[in-house]
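First up is the structure itself, then whatever we jot down about it.
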Amino acid sequence: METRTKSNTSLINKIKSISKESTFYIYILFNLINLIIHIMGFFSYPMFAQVDYVLYLTKIAIVFLVRKALLKKDSCFLAEARMFKGIIICDCIELFVSVFAYSDGAFLVIFLTFTLKALLDYIIFSSFINKGIKEAYERISEHLSKRLRTYKKYWHVLNSSILGVLIFQIFAKKTFILMFFFALVLVRFFAQINFIYLIWNKVIKQHSTAIDHYYYEKRDAKLVSSSNHDDDSHIKTGFAAVDEMDYEFKIIKKSNQVQDEFQKQSKLKNRHILQKIKNFSLMKKLINKFPRIDKKYRYAIYGCLFICFLFMRNTYIEGDNQLTDENGNILSDQKSVDYMYCAQYIPWYSDEKEQVYQYNKCNLMPSWSMFYDEKYGLVNIETGLNTGAIYEEGLAFDKEGIAYDYDRHFINLNGEEIIKVPSYLFCQWSYFISYRFE
């Protein structure tokens with residue numbers, strides 16, 4: 001027991017010690033693997049929704065790890081951490097809808113949240129590139145800053161191309177265009193890895209100022225050149241020393257001008273930010289009027305709301321419609337949400353008596369919501385046999401009195417199982433893969 005506890009503690013410590021750069025590599029590689037799994041499911045054997053659930057939970061854990069690493073020690077990546085929080089919320093919404101929703105409206109919600117996640121991912125990496133450009137220009141070298149500006153242009157062009165190809169694919173629906181879209185997305189993943197490597201290793205991990213960088217580079221060049229001359233070659237005249245000092249002062253003056261220019265630009269940006277804050281000050285005042293709830297009580301409220309949701313989703317009630325004959329006599333005590341109708345297949349020329357009727361119940365969720373559901377049952381007015389509302393869809397019986405119950409079985413009019421269907425046909429497909437077969 002103690003050995004297991006120690007191993008768990010060491011695993012947690014290893015996870016906590018992962019660097020920011022490594023968490024980004026994990027995030028990008030997981031997105032790449034996730035895409036490859038969905039591509040395989042799209043073009044080969046359909047991917048089931050249960051696989052999607054595992055992928056959602058894994059991604060939420062990875063993004064949580066990235067966000068925690070960004071907030072470690074300093075707050076310079078606070079904006080990016082908040083955007084990663086938005087990605088976590090979108091993934092939670094998608095997982096919640098995938099598990100609990102019934103109607104086709106779930107696909108629209110997943111499409112909107114997926115679009116928002118892609119936008120947040122684009123903004124996050126654009127923000128990293130912008131910070132890399134600024135830090136490189138201020139502290140390292142103008143050459144590296146120009147290089148990052150070039151990469152920034154490629155990044156914008158690549159994302160615009162992906163969006164354009166995707167819009168064209170929605171209307172064209174051609175396989176080769178879809179393959180080109182996937183190829184662009186793969187290029188995007190490798191571009192993200194390149195950006196993270198460049199920004200972290202060439203910018204963030206470098207701490208020397210631009211002046212020191214130039215000075216040490218110039219000093220090393222002098223030391224190398226002096227080794228190839230006589231011993232007295234390094235002795236300078238007074239005029240040479242004055243010229244060198246003048247040159248150094250010019251470099252310092254130029255760097256001060258660059259810093260002054262950046263300060264002016266930052267002041268203008270700060271003014272724009274302050275103006276935006278003033279515009280939203282009224283909304284902020286309204287929000288502050290509401291009392292702040294402690295985090296533990298907030299989670300308790302969320303838990304209570306979730307329990308209420310499960311109760312309303314899984315509780316089915318009867319309607320007000322009853323089965324009556326031509327004279328208004330009640331034929332069965334069973335009530336239905338919709339009008340009850342005969343489930344038997346009876347030819348118009350037959351004198352067979354109608355005995356088996358189908359009814360339905362609904363849950364407590366609003367009928368307009370994607371969580372609203374109805375279940376169906378069979379009642380025999382002669383024998384009194386009632387199967388209960390256990391069927392997911394309305395049953396359609398053939399001439400032999402056989403129908404599929406949408407739960408791996410073919411049944412007769414008494415609800416008895418006739419044939420059992422293999423389990424893999426019963427599995428729910430992923431929303432992303434089911435789009436192919438619509």
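As the structure is a computational prediction, the values presented were derived from the model and not from experiment.
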**Message:** Looking at T23 and A69, would you say the former's side chain and the latter's main chain have a donor-acceptor pair under 3.5 Å?
**Reply:** no

**Prompt:** Which atoms form the tightest heavy-atom contact between S369 and M365, and what is the distance?
**Reply:** OG-CB, 3.9 Å

**Item:** Residues which pass salt bridge (Lys or Arg N to Asp or Glu O under 4.0 Å) with K59, listed by chain and number, not counting sequence neighbours
**Value:** D91

**Item:** Sequence-distant partners of K152, side-chain hydrogen bond (donor to acceptor under 3.5 Å, both in side chains), two or more places apart
**Value:** N130

**Asked** Where do S336 and N360 come nearest, in terms of heavy atoms and distance?
**Response** OG-OD1, 2.7 Å

**Message:** Is there a ring-ring contact (aromatic ring centres under 6.0 Å, His included) between F77 and F128? Walk through the geometry before answering.
**Reply:** CA-CA 9 Å; F77 298 110; F128 278 120; 5.5 Å; yes

**Item:** Exam field: side chain N380 to backbone V356, donor-acceptor pair closer than 3.5 Å
**Value:** no

**Asked** In chain order, what residues pass the salt bridge (Lys or Arg N to Asp or Glu O under 4.0 Å) check against E417, with sequence neighbours excluded?
**Response** none

**Request:** For the residue pair Q334 and E318, confirm or rule out a side-chain donor-acceptor distance under 3.5 Å.
**Result:** yes

**Asked** Quick one: does Q344's side chain have a donor or acceptor within less than 3.5 Å of a partner on Q355's backbone?
**Response** yes

**Request:** Give the C-alpha distance, both sets of side-chain angles, the deciding distance and a yes or no for side chain to side chain contact (heavy atoms under 4.5 Å, CB included) between M370 and V109.
**Result:** CA-CA 10 Å; M370 68 182 72; V109 174; 3.2 Å; yes

**Asked** Does CD in E382 sit with more than 12 non-hydrogen atoms of other residues, nucleotides or ligands closer than 6.0 Å?
**Response** yes

**Request:** Output yes when a side-chain donor or acceptor of T387 lies under 3.5 Å from a complementary backbone atom of L378, and no otherwise.
**Result:** yes

Can you give the donor-acceptor pairs under 3.5 Å from side chains of residues 78-86 to other protein atoms, not counting sequence neighbours?
residue	atom	partner	partner atom	Å
E80	OE1	K131	NZ	3.1
E80	OE2	S127	OG	2.4
E80	OE2	K131	NZ	3.1

**Item:** Counterpart residues, side-chain hydrogen bond (donor to acceptor under 3.5 Å, both in side chains), relative to S126 (two or more places apart)
**Value:** W155

**Message:** If the condition is side-chain hydrogen bond (donor to acceptor under 3.5 Å, both in side chains), which residues does N321 pass it with, not counting sequence neighbours?
**Reply:** none

**Item:** Sequence-distant partners of E416, salt bridge (Lys or Arg N to Asp or Glu O under 4.0 Å), two or more places apart
**Value:** none

**Prompt:** So which heavy atom on V337 is nearest to which on I317, and how close?
**Reply:** CG2-O, 4.2 Å

**Request:** Please determine, by modelled atom types, if Y359 and N386 share a side-chain donor-acceptor pair under 3.5 angstrom.
**Result:** yes

**Prompt:** Do H156 and Y122 have a side chain donor and acceptor closer than 3.5 Å?
**Reply:** yes

**Fill in**
Here the ring pair (Phe, Tyr, Trp, His ring centres under 6.0 Å) pairs for residues 305-325, sequence neighbours left out, are F96-F309, F100-F306, F100-F309, F309-F371

Could you go through residues 27-37 and list every donor-acceptor pair under 3.5 Å that involves a side-chain atom there, pairing it with any protein atom two or more places apart or in another chain?
residue	atom	partner	partner atom	Å
Y27	OH	D121	OD1	2.7
N31	ND2	Y27	O	3.4
N34	OD1	H38	ND1	2.9

**Asked** Is a donor on one side and an acceptor on the other found under 3.5 Å between the side chain of D407 and the backbone of E392?
**Response** no

**Asked** Would a distance-only check, ignoring hydrogens and angles, find a side-chain to backbone donor-acceptor pair under 3.5 Å from Y151 to I129?
**Response** no

**Message:** Please check if the number of heavy atoms outside Y341 that lie under 6.0 Å from its OH is greater than 12.
**Reply:** yes

**Asked** For Y25, which residues count as a side-chain hydrogen bond (donor to acceptor under 3.5 Å, both in side chains) partner, sequence neighbours excluded?
**Response** E21

**Prompt:** Between Y376 and E393, is a side chain to side chain donor-acceptor pair (under 3.5 Å) present by the stated rule, with each step listed?
**Reply:** CA-CA 6 Å; Y376 297 83; E393 301 287 343; 5.5 Å; no

**Message:** With a sphere of 6.0 Å drawn around CG of D320, does it hold more than 12 non-hydrogen atoms of other residues, nucleotides or ligands?
**Reply:** no

**Short N-O contact, E374 and K361, less than 4.0 angstrom** = no

**Request:** Can you establish whether the number of heavy atoms outside D398 located under 6.0 Å from its atom CG is more than 12?
**Result:** yes

**Main-chain N/O of K174 paired to Q169 side chain as donor or acceptor, under 3.5 Å** = yes

**Test side chain to side chain contact (heavy atoms under 4.5 Å, CB included) applied to F180 - qualifying residues, sequence neighbours left out** = V165, L184

**Fill in**
For residues 304-315, the side chain to side chain donor-acceptor pair (under 3.5 Å) pairs (sequence neighbours left out) are Y102-R313

**Prompt:** Any side-chain heavy atom of T324 sitting closer than 4.5 Å to one from N329?
**Reply:** no

**Request:** Kindly determine whether L395 and Y404 satisfy side chain to side chain contact (heavy atoms under 4.5 Å, CB included), including the steps that lead there.
**Result:** CA-CA 7 Å; L395 303 176; Y404 181 59; over 6 Å; no

**Asked** Would D373 and N363 count as having a side-chain donor-acceptor pair, cut-off 3.5 Å?
**Response** no

